[in-house]
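Taking it in order: structure first as structure tokens, then the write-up.
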Amino acid sequence: MARRRAPPTDVSKIATPVELQRDGDFPLKVYSPRHSHPGRSKHFNLSVLEGTGELGHTIAREFLEFVSGYAEETADAYLIAVRSFFRSCVGQLRKEGAHLSSIGASRWKKFANLWFYDLQSDATVGDVTANTYLASNRLFFLHLQKRFLVPKFRWPPAIQGAVGRPRPPVSNVPAKAVQATQISSWSDADRLAWSELSRLNDLSSPTVVKQRNNIILEAVRRHAEQEVRKVWQLFCESRQLARNNTSFDFDDYCQTYEYYSNGVLKRRRGWRESLRFLPNFLVYVERKFGGVVPGKSDDPDFLKCAYALHSHDLRGRFHLEYEVLVPLLAIIFCERPKMNLASPLSMRTVDLSQASRDEHQARWTKKRANYRRLADDMPTGSELALSIDSTERITAAQALLVIGELSKPLRARAILGTEENLCLVKETLNGYAVGKPPSQPWICKKWADFRSESGLLSAFDFTLSQFRPTGAVTEFFETADIFKVADKLGQKDIRVTAKYIGILAADTLDAGDVRQVQDSLTIAVAKRSGRPLEQLGISPEREKHIRQTAYFSGFLGYNLSGTTQESEEKLGVLENILSGSKLIVIKTPEVAAEIIAFNNHIIENGKAIQGTAQYEEFWLPLLVSCAQIIKSMDASVIRDAENLLADRPINYGPVI
């Protein structure tokens with residue numbers, strides 16, 4: 001009998017209700033047809049408006065109309081912002097016994113100002129996030145004003161100069177409090193790693209940062225590889241059991257126990273007995289359902305039997321599931337920081353190919369870079385690494401190949417348009433089992449579950465997105481070359497890389513809260529690399545301005561009375577240091593004294609202009625770089641340099 005293939009599911013053709021509704025039991029949990037699909041209903045929880053009168057209920061319904069044109073992730077972001085605002089004012093209205101309909105423009109304005117002030121005062125909310133909340137509420141209230149539901153009023157101005165900060169590397173993630181009994185349950189490798197991490201606390205040291213990154217990433221890889229090997233062995237074992245099962249005649253079984261009545265599959269008494277034997281069960285699932293355990297509406301009787309007989313032995317045997325996808329992604333991100341969470345999920349089956357005998361090439365689409373296509377050549381590694389007792393590393397290429405292999409059974413059931421996706425997981429839509437691209441929020445939830453069950457990793461709260469900055473800052477500390485960092489991250493615009501790595505480096509070196517990296521660091525690196533500054537977005541006028549600022553401020557000079565030639569020569573000394581391809585250990589006390597004095601000078605005299613473009617575009621990167629160099633010096637060199645400074649202080653010009 002030929003294998004039965006389930007047709008692809010076109011979710012867009014399944015009817016969904018179109019009129020706005022409110023849940024009868026919870027009138028402010030508003031149902032959204034636009035963001036629901038068969039088998040899963042989406043509601044927006046606006047219970048914060050409870051007790052605000054009929055206008056509150058109207059606003060809840062209008063929110064549904066407002067977000068109807070956005071994707072679910074964007075709509076959820078708007079919901080969080082709007083709830084934040086109403087949460088701050090509804091409590092006061094309840095105390096007064098007032099409704100929203102009684103609020104005038106001046107009161108709305110007062111509420112908005114107080115809410116935004118509290119938001120800025122919250123240390124857990126970044127400036128960029130606060131501005132995003134503000135913009136979201138402005139847009140929603142503009143929608144309400146067009147409906148003549150609320151009066152027009154002026155919102156508070158946005159925070160000026162707010163720039164987002166990338167997530168820190170895993171080295172900077174603080175450890176949770178861990179009980180001794182919990183540590184005793186960990187593996188020997190985890191207990192040893194925990195002991196080493198407890199001694200590495202100086203995050204101002206690049207060496208310590210690198211060591212902490214390596215230890216945590218090694219723990220991630222160790223636990224991820226254990227899980228992947230276990231599931232891969234189970235998957236291969238299932239295929240082997242099914243192939244070697246010659247005692248079970250599938251066709252004869254179907255003729256004996258199955259028949260159709262009015263187009264509905266029926267089974268005769270005794271059909272379960274043969275399926276109690278796992279190899280028979282595996283053959284049946286493979287031949288009858290294409291290797292995918294059916295959904296509730298596919299075959300409810302069989303599904304009930306499957307979980308009654310083999311519930312403890314089903315997961316991981318047939319196809320890709322979130323529980324194994326997460327450790328596979330962790331291996332990929334540990335090794336290839338060029339990829340972010342969306343990269344493997346955007347890949348098609350044709351996007352992973354063998355480039356040479358020992359190398360594969362992966363290609364993917366980066367939506368945030370205007371759908372630019374990226375590629376990465378990666379070593380294939382040895383197939384033996386997937387063996388249960390192997391000590392070889394599972395490479396990123398092997399992890400992608402496993403993802404593709406485990407997704408194969410689901411492609412015949414893929415929702416329309418995703419048949420060629422490299423990565424598919426099982427989903428139940430309208431009661432039927434289908435293959436579906438993974439949900440990023442669900443991946444993040446499963447990642448948290450994976451960490452909590454993985455010994456040492458349960459003590460650190462970090463996301464899959466933090467593997468990328470970890471790779472960036474590690475590369476930066478090893479080479480001090482932002483061009484190499486750009487190559488590692490797959491970034492086309494070196495200015496983006498300069499800002500990205502500068503924030504990470506400054507934060508790691510305890511050099512203050514840096515908002516963005518400046519062009520002066522790019523100039524120093526470009527000089528060493530020979531790349532034209534025009535290609536990096538720095539005009540000749542801009543370069544001249546930066547250099548003039550350095551000269552007139554006595555950059556790397558004992559005073560401002562030196563000749564032009566002398567000042568330019570001294571300026572070149574530090575530029576050469578900053579643009580070196582390796583971190584240089586300063587062994588000359590005289591040079592070390594100048595670096596230390598100049599670093600202290602910027603710290604003490606730059607306070608007055610902190611936050612200005614001039615400070616952030618010129619002085620701050622020098623402060624970061626000097627701090628990095630100082631941290632790399634030997635203790636004896638620092639001692640001799642400080643003795644020189646005590647005898648002969650170095651005076652610099654103003655920090656302007």
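Ring centers of Trp447 and Phe462: under 6.0 Å apart, within the cut-off. You'll find the ring centres of Tyr133 and Phe85 outside the 6.0 Å limit. If you look at Phe153 and Trp155, their ring centroids are closer than 6.0 Å.
Relative orientation of the Phe333 and Phe467 rings is tilted, given thresholds of 30° and 60° on the angle between their planes. Below 30°, between 30° and 60°, or above 60°: for Phe66 and Phe63 the angle between ring planes is between 30° and 60°, a tilted geometry.
Side-chain atoms of Ser452 and Asp449 form no donor-acceptor pair, as typed in the model, at a separation below 3.5 Å.
Using a distance-only test at 3.5 Å, with no hydrogens or angles considered, a donor-acceptor pair links the side chain of Ser311 to the main chain of Tyr307. Of the possible donor and acceptor atoms, none in the side chain of Arg411 sits under 3.5 Å from a partner among the backbone N and O of Glu420.
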Mind running side chain to side chain donor-acceptor pair (under 3.5 Å) on Ser353 and Arg363 for me, showing each step along the way?
CA-CA 9 Å; Ser353 58; Arg363 297 170 294 277; 3.3 Å; yes
Would Asp298 and Lys288 count as a salt bridge (Lys or Arg N to Asp or Glu O under 4.0 Å) here? Give the steps.
CA-CA 11 Å; Asp298 283 315; Lys288 191 73 174 180; over 6 Å; no
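Within a 6.0 Å sphere centred on NZ of Lys146, heavy atoms belonging to other residues, nucleotides or ligands number 12 at most.
Under the ring-ring contact (aromatic ring centres under 6.0 Å, His included) test applied with Tyr70, the options Tyr78, Phe140, Phe44 reduce to a single match, Tyr78.
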